[in-house]
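Heads up: the structure comes next, in structure tokens.
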Amino acid sequence: MNMYLNIVIGVVFTVFGIVMLIRWARIHKYIMIQDQQWGTLRIMVLILGVLSMMTLVMNSSSNTAWDYFRIGATLVAVTAYLAVHDGVGEEGLVAAGKFYPWNTVRSYDYQENKNHVAVYFTVESQDEKKPDDYTTKELDFSNQDKEVLMKFLKLNLGRKYTRMKKKS
């Protein structure tokens with residue numbers, strides 16, 4: 001691979017990895033019940049890490065120092081991304097690496113599926129320019145955590161349970 005392309009890819013993945021590690025350090029203490037996050041994006045990032053490792057083995061005789069830098073940066077970024085989880089805890093919920101306290105959650109709903117329990121949280125706007133705006137965060141939890149999760153949500157958000165309209 002071209003030296004300049006290796007440098008650009010290495011720097012981008014180094015910055016991404018550092019951001020994800022900082023995010024993990026800030027939010028991992030808030031999570032008591034993790035969601036199961038094996039969605040499409042997480043699987044694609046894992047495949048990226050495997051492909052990066054394959055280039056290490058396949059081109060071992062012609063790898064340069066910049067190739068090793070790119071491969072190392074990619075593996076750090078993939079590992080950091082896979083370490084960051086979403087979930088709920090005593091103080092609030094974590095979605096997409098961002099912490100939301102329970103007092104910013106307007107309502108919640110859940111849907112039991114075959115393989116998981118999907119929980120939908122309506123979160124108030126964090127933007128002062130749009131105070132009436134809100135977003136919906138979806139977290140998918142394992143069926144094994146269902147009982148603990150429901151008790152936990154009832155304890156922290158008891159009166160905020162609202163059945164949401166289903167799209168037809």
Side-chain angles (χ1 to χ4, degrees), residues 1-102 104-105 108 113-121 123-130 133-146 148-149 152-153:
M1 202 180 254
N2 185 349
M3 179 183 75
Y4 296 111
L5 189 57
N6 277 334
I7 293 171
V8 169
I9 291 172
V11 168
V12 167
F13 278 108
T14 300
V15 170
F16 177 71
I18 290 170
V19 168
M20 293 308 290
L21 286 173
I22 290 170
R23 202 174 261 191
W24 175 82
R26 284 192 345 212
I27 64 170
H28 81 280
K29 61 185 173 253
Y30 294 117
I31 299 174
M32 292 177 65
I33 304 172
Q34 290 183 357
D35 75 334
Q36 61 180 42
Q37 287 191 343
W38 286 105
T40 307
L41 182 60
R42 190 163 281 269
I43 292 170
M44 294 303 289
V45 169
L46 183 63
I47 290 172
L48 178 71
V50 169
L51 290 175
S52 180
M53 284 302 294
M54 286 179 56
T55 62
L56 179 66
V57 175
M58 303 288 271
N59 298 334
S60 61
S61 62
S62 63
N63 281 340
T64 65
W66 293 113
D67 288 320
Y68 290 119
F69 169 67
R70 173 186 49 85
I71 292 166
T74 304
L75 292 179
V76 167
V78 167
T79 304
Y81 180 78
L82 293 176
V84 174
H85 281 278
D86 294 344
V88 294
E90 288 288 332
E91 299 177 35
L93 73 110
V94 175
K98 188 171 181 187
F99 174 71
Y100 299 96
W102 289 126
T104 62
V105 177
Y108 79 97
N113 297 322
K114 181 181 176 183
N115 299 329
H116 65 278
V117 177
V119 182
Y120 305 94
F121 297 96
V123 180
E124 293 176 0
S125 175
Q126 305 293 318
D127 187 7
E128 289 124 15
K129 295 178 183 176
K130 300 177 184 177
D133 197 19
Y134 62 90
T135 59
T136 302
K137 306 292 180 187
E138 177 186 355
L139 300 179
D140 297 331
F141 295 94
S142 171
N143 281 334
Q144 296 170 348
D145 296 332
K146 181 180 158 192
V148 176
L149 177 68
F152 191 79
L153 290 175

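The first residue in the sequence is number 1, and the count goes up from there. Source: prediction; values computed, not measured.
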Open item on the list: Holding to salt bridge (Lys or Arg N to Asp or Glu O under 4.0 Å), I want the full list of residues that pass it with Lys29, two or more places apart in sequence or in another chain.
Closed with: none
- [ ] Tell me, please, whether Phe13 has Arg70 positioned over its six-membered ring: NZ or CZ under 6.0 Å from the ring centre and within 45 degrees of its axis?
- [x] no
Task: Gap between atom CD1 of Ile33 and atom CG of Asp86 - 0.5 Å precision - done: 13.5 Å
Task: Distance (rounded to the nearest 0.5 Å) between Asp140 CG and Asn113 CG - done: 7.5 Å
Task: Rounded distance (nearest 0.5 Å) linking atom CG of Leu51 with atom CE of Met54 - done: 6.0 Å
- [ ] Would you check if Phe152 and Asp145 make a side-chain contact, meaning some heavy-atom pair closer than 4.5 Å?
- [x] no
TODO: Could you pull out the closest heavy-atom pair between Leu139 and Ala95, with the gap in Å?
DONE: CD2-CB, 4.3 Å
Open item on the list: Test your reading of the model: is there a side-chain donor-acceptor pair from Thr79 to the backbone of Leu75, 3.5 Å cut-off?
Closed with: yes
Open item on the list: Suppose we screen for side chain to side chain donor-acceptor pair (under 3.5 Å). Which residues come up paired with Tyr30, at least two apart in sequence or across chains?
Closed with: none
Task: Any donor-acceptor pair under 3.5 Å from Asp67 side chain to Leu56 backbone - done: no
- [ ] Answer whether the closest heavy-atom distance between the side chains of Val119 and Phe141 falls below 4.5 Å.
- [x] yes
- [ ] Measure the CG-OG1 distance between Asn2 and Thr64 for me, rounded to the nearest 0.5 Å.
- [x] 10.0 Å
Open item on the list: Distance check, rounded to the nearest 0.5 Å: Leu82 atom CG versus Leu46 atom CG?
Closed with: 6.0 Å
Open item on the list: Tell me every residue that passes side chain to side chain donor-acceptor pair (under 3.5 Å) with Lys98, counting only those two or more places apart in sequence or in another chain.
Closed with: none
Open item on the list: Restricting to non-hydrogen atoms, name the atom on Gly10 and the atom on Ala73 that form the minimum distance, rounded to 0.1 Å.
Closed with: O-CB, 3.3 Å
Task: Partner set under side chain to side chain donor-acceptor pair (under 3.5 Å) for Tyr120, not counting sequence neighbours - done: Gln111
Task: CD1-OG1 distance between Ile18 and Thr14, expressed to the nearest 0.5 angstrom - done: 6.0 Å
Open item on the list: The criterion is ring pair (Phe, Tyr, Trp, His ring centres under 6.0 Å); which residues satisfy it with Trp102, sequence neighbours excluded?
Closed with: none
Task: Residues in ring pair (Phe, Tyr, Trp, His ring centres under 6.0 Å) contact with Tyr108, at least two apart in sequence or another chain - done: Tyr161
Open item on the list: Using every non-hydrogen atom in the two residues, find where His85 and Asp35 come nearest and quote the distance to one decimal.
Closed with: ND1-O, 4.1 Å
TODO: Fit a plane to each ring of His28 and Trp24, take the angle between them on a 0 to 90° scale, and name the class: parallel (under 30°), tilted (30 to 60°) or perpendicular (over 60°).
DONE: parallel
Task: Minimal non-hydrogen separation, Gln36 against Ser142, with atom names - done: OE1-CA, 3.3 Å
- [ ] Could you pull out the closest heavy-atom pair between Asn143 and His116, with the gap in Å?
- [x] OD1-C, 3.5 Å
- [ ] Give the minimum heavy-atom separation between Phe99 and Glu91, together with the two atoms involved.
- [x] CZ-O, 3.6 Å
